[in-house]
Undergrad: 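First the structure, which I've put down as structure tokens, then a few questions once you've had a look.
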Amino acid sequence: MQLSTTTTPSTPLVPSISPRFAQHKACGILETGTDSEQVCVPESPLTTEDSIHLATHADQKWLTAALVLAFVDDPIMRWMYPDTHQYLTHFPAFVKAFGGRAFEQQTAYAVNGYAGAAFWLPPGIEVDEQPLIDLFQHSVFEAQQADLFALLEQMGHYHPLQPHWYLSLLAVEPAHQRQGHGSALMQPILAQCDRDQLPAYVESSKPDNIPFYQRHGFELLGTIQAGGSPPLFPMLRPPNNFPIS
């Protein structure tokens with residue numbers, strides 16, 4: 001849950017296209033004043049419902065942009081950042097602080113075309129708390145901070161103590177939802193959980209998403225709420241769907 005006030009350098013009118021689009025691009029000539037150059041833009045990069053790949057640091061900016069769109073109506077995120085400018089300014093830093101370690105661990109997955117992402121933290125790897133706390137103290141309205149930190153404390157109480165995989169962030173752009181991407185993004189790690197007999201843990205920020213996680217074997221543990229915050233729903237998936245003891 002990034003703050004910067006640096007001078008922005010001049011940028012070209014046409015942004016660079018990620019190498020991931022190399023197989024799905026259309027090229028043409030862009031004229032800018034007296035200059036012209038050949039540019040390529042993505043053309044239908046989404047080919048199958050379950051076409052996903054391991055993401056790298058080079059993919060991070062593209063996936064952050066997708067998550068900005070996906071979380072724009074998320075109850076928790078918009079309670080934290082109710083002002084649109086506030087949300088657009090600080091949510092990318094939240095993504096980096098809350099899920100960035102997935103790139104370090106090579107456990108971030110992306111839909112081809114960057115329409116969605118899943119950031120998994122493997123056993124023994126936790127969210128980097130201090131950057132997250134620093135971000136909240138500088139970006140969340142002061143009147144909400146007490147409730148927010150109380151919410152985080154409750155989240156810690158539900159977080160499993162035993163080794164587990166933590167799905168810190170999962171999202172698909174609104175235009176590409178209900179196409180199976182969310183399920184596909186979870187499958188590689190859920191399969192590994194079953195092979196290694198390890199649980200998976202997630203907090204759902206939307207009540208409507210609880211049935212989705214339940215279909216994948218997650219069980220609702222309770223409800224987290226502090227002061228005026230929206231509810232958050234901790235969920236645990238035992239390996240191979242064995243009952244929670």
Side-chain angles (χ1 to χ4, degrees), residues 1-8 55 57 59-105 107-108 114 116-121 125-160 166-174 177 182 201-210 213 220-235:
M1 283 183 203
Q2 304 168 323
L3 273 178
S4 176
T5 56
T6 58
T7 303
T8 303
H57 283 287
D59 303 318
Q60 195 163 2
K61 65 178 180 180
W62 305 90
L63 297 179
T64 298
L67 266 61
V68 168
L69 292 179
F71 278 91
V72 72
D73 65 345
D74 182 84
I76 292 287
M77 291 300 110
R78 296 318 302 270
W79 170 72
M80 286 170 42
Y81 298 130
D83 177 79
T84 301
H85 180 267
Q86 179 192 27
Y87 172 74
L88 293 175
T89 301
H90 300 299
F91 181 74
F94 168 80
V95 172
K96 182 178 181 180
F98 201 69
R101 285 190 165 175
F103 290 94
E104 300 170 5
Q105 300 297 315
T107 51
Y114 304 116
F119 294 171
W120 286 94
L121 301 185
I125 303 300
E126 303 291 339
V127 172
D128 197 354
E129 291 185 0
Q130 194 57 52
L132 198 63
I133 292 171
D134 293 343
L135 174 66
F136 290 157
Q137 289 176 334
H138 290 88
S139 64
V140 175
F141 292 138
E142 188 173 351
Q144 292 170 266
Q145 288 188 19
D147 288 348
L148 175 57
F149 287 115
L151 190 76
L152 293 174
E153 185 177 358
Q154 290 188 45
M155 289 169 63
H157 294 325
Y158 277 98
H159 215 91
Y166 178 39
L167 181 55
S168 63
L169 291 168
L170 171 67
V172 177
E173 284 187 23
Q177 292 176 2
Y201 178 74
V202 67
E203 293 114 352
S204 176
S205 55
K206 286 185 175 181
D208 291 347
N209 288 343
I210 292 175
Y213 288 114
L220 184 63
L221 300 180
T223 302
I224 299 171
Q225 191 168 18
S229 78
L232 193 62
F233 305 96
M235 305 187 74

Undergrad: Identify, with sequence neighbours excluded, every residue that meets side-chain contact (heavy atoms from CB on, under 4.5 Å) alongside A118.
TA: W120, L167, L170, L185

Undergrad: Between Q154 and Q225 (side chain of the first, backbone of the second, donor and acceptor by atom type, cut-off under 3.5 Å), is there such a pair?
TA: yes

Undergrad: Which pair of heavy atoms, one from L121 and one from A102, lies closest together, and at what distance?
TA: CD2-N, 3.6 Å

Undergrad: Mind running side chain to side chain contact (heavy atoms under 4.5 Å, CB included) on I224 and L151 for me, showing each step along the way?
TA: CA-CA 7 Å; I224 299 171; L151 190 76; 3.5 Å; yes

Undergrad: Using side-chain contact (heavy atoms from CB on, under 4.5 Å) as the criterion, list what pairs up with Q60, not counting sequence neighbours.
TA: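 Counting only residues at least two positions away or on another chain, Q60 forms a side-chain contact (heavy atoms from CB on, under 4.5 Å) with H57, T64, K96, F103.
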
Undergrad: Sequence neighbours left out, what passes side-chain hydrogen bond (donor to acceptor under 3.5 Å, both in side chains) with Q144? Give chain and number order.
TA: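 Partners of Q144 by the side-chain hydrogen bond (donor to acceptor under 3.5 Å, both in side chains) criterion come out as none, since no residue qualifies.
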
Undergrad: List the atom pairs, with distances to 0.1 Å, where a side-chain N or O of residues 70-77 and a protein N or O form a donor-acceptor pair under 3.5 Å, not counting sequence neighbours.
TA:
unit_1	atom_1	unit_2	atom_2	d
D73	OD1	K206	NZ	3.1
D74	OD1	S205	OG	2.4
D74	OD2	I76	N	3.2
D74	OD2	M77	N	3.0

Undergrad: Using the test salt bridge (charged side-chain N to carboxylate O under 4.0 Å, His left out), find all partners of D83 that sit at least two apart in sequence or belong to another chain.
TA: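 Applying salt bridge (charged side-chain N to carboxylate O under 4.0 Å, His left out) to D83 gives none.
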
Undergrad: Return the minimal non-hydrogen interatomic distance between H90 and S139, and the atom names on each side.
TA: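 Closest heavy-atom pair between H90 and S139: CG-CB, 3.4 Å.
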
Undergrad: Does the pair L88 and Y81 meet the rule for a side chain to side chain contact (heavy atoms under 4.5 Å, CB included), with working shown?
TA: CA-CA 9 Å; L88 293 175; Y81 298 130; over 6 Å; no

Undergrad: Looking only at non-hydrogen atoms, find the nearest pair between L63 and A55 and report the distance.
TA: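 Looking at all heavy atoms of both residues, the shortest contact is CD1-CB, 3.6 Å.
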
Undergrad: Report the distance from atom CD1 of I125 to atom OG1 of T107, rounding to the nearest 0.5 Å.
TA: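 These two atoms lie 8.5 Å from each other.
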
Undergrad: May I ask you to test the V127-R101 pair for a side-chain heavy-atom distance under 4.5 Å?
TA: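 No - every pair of side-chain heavy atoms lies 4.5 Å or more apart.
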
Undergrad: Check side-chain contact (heavy atoms from CB on, under 4.5 Å) between E126 and all other residues, then give those that pass, not counting sequence neighbours.
TA: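 By the side-chain contact (heavy atoms from CB on, under 4.5 Å) rule, E126 matches H159.
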
Undergrad: Nearest heavy-atom pair of G182 and V172: which atoms, and what distance?
TA: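 For G182 versus V172, the nearest heavy atoms are N-CG2, 4.0 Å.
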
Undergrad: Compare every heavy atom of Q145 with every heavy atom of V140, then report the nearest pair and how far apart it is.
TA: O-NE2, 3.0 Å

Undergrad: Applying side-chain hydrogen bond (donor to acceptor under 3.5 Å, both in side chains), name anything that partners Y201, two or more places apart in sequence or on another chain.
TA: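 With neighbours one apart ignored, the set is E203.
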
Undergrad: With a 3.5 Å distance limit and no angle check, can you tell me whether S229 reaches the backbone of A226 through a side-chain donor-acceptor pair?
TA: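 Checked: pair present.
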
Undergrad: My understanding is that only residues two or more places apart in sequence, or in another chain, count here; which of them pass side-chain contact (heavy atoms from CB on, under 4.5 Å) with L220?
TA: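 Partners of L220 by the side-chain contact (heavy atoms from CB on, under 4.5 Å) criterion, ordered by chain and then number, come out as I210, F233, M235.
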
Undergrad: Could you tell me which residues satisfy salt bridge (charged side-chain N to carboxylate O under 4.0 Å, His left out) with R78, sequence neighbours excluded, listed by chain and number?
TA: none

Undergrad: Mind checking the OH-CE spacing from Y87 to M80? Nearest 0.5 Å is all I need.
TA: 10.0 Å

Undergrad: Grab the two heavy atoms, one from P234 and one from G222, that are nearest each other, plus how far apart they are.
TA: CD-O, 3.3 Å

Undergrad: Rounded to the nearest 0.5 Å, how far apart are CZ of F141 and CG of L148?
TA: 13.0 Å

Undergrad: What distance do S168 atom OG and F98 atom CZ have between them, rounded to the nearest 0.5 Å?
TA: 6.0 Å

Undergrad: Among pairs that include at least one residue of residues 136-157, which meet salt bridge (charged side-chain N to carboxylate O under 4.0 Å, His left out), considering only residues two or more places apart or in two chains?
TA: none

Undergrad: More than 12 heavy atoms of other residues, nucleotides or ligands under 6.0 Å from CD of E129: is that the case?
TA: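 At most 12 heavy atoms, drawn from other residues, nucleotides or ligands, come within 6.0 Å of this atom.
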
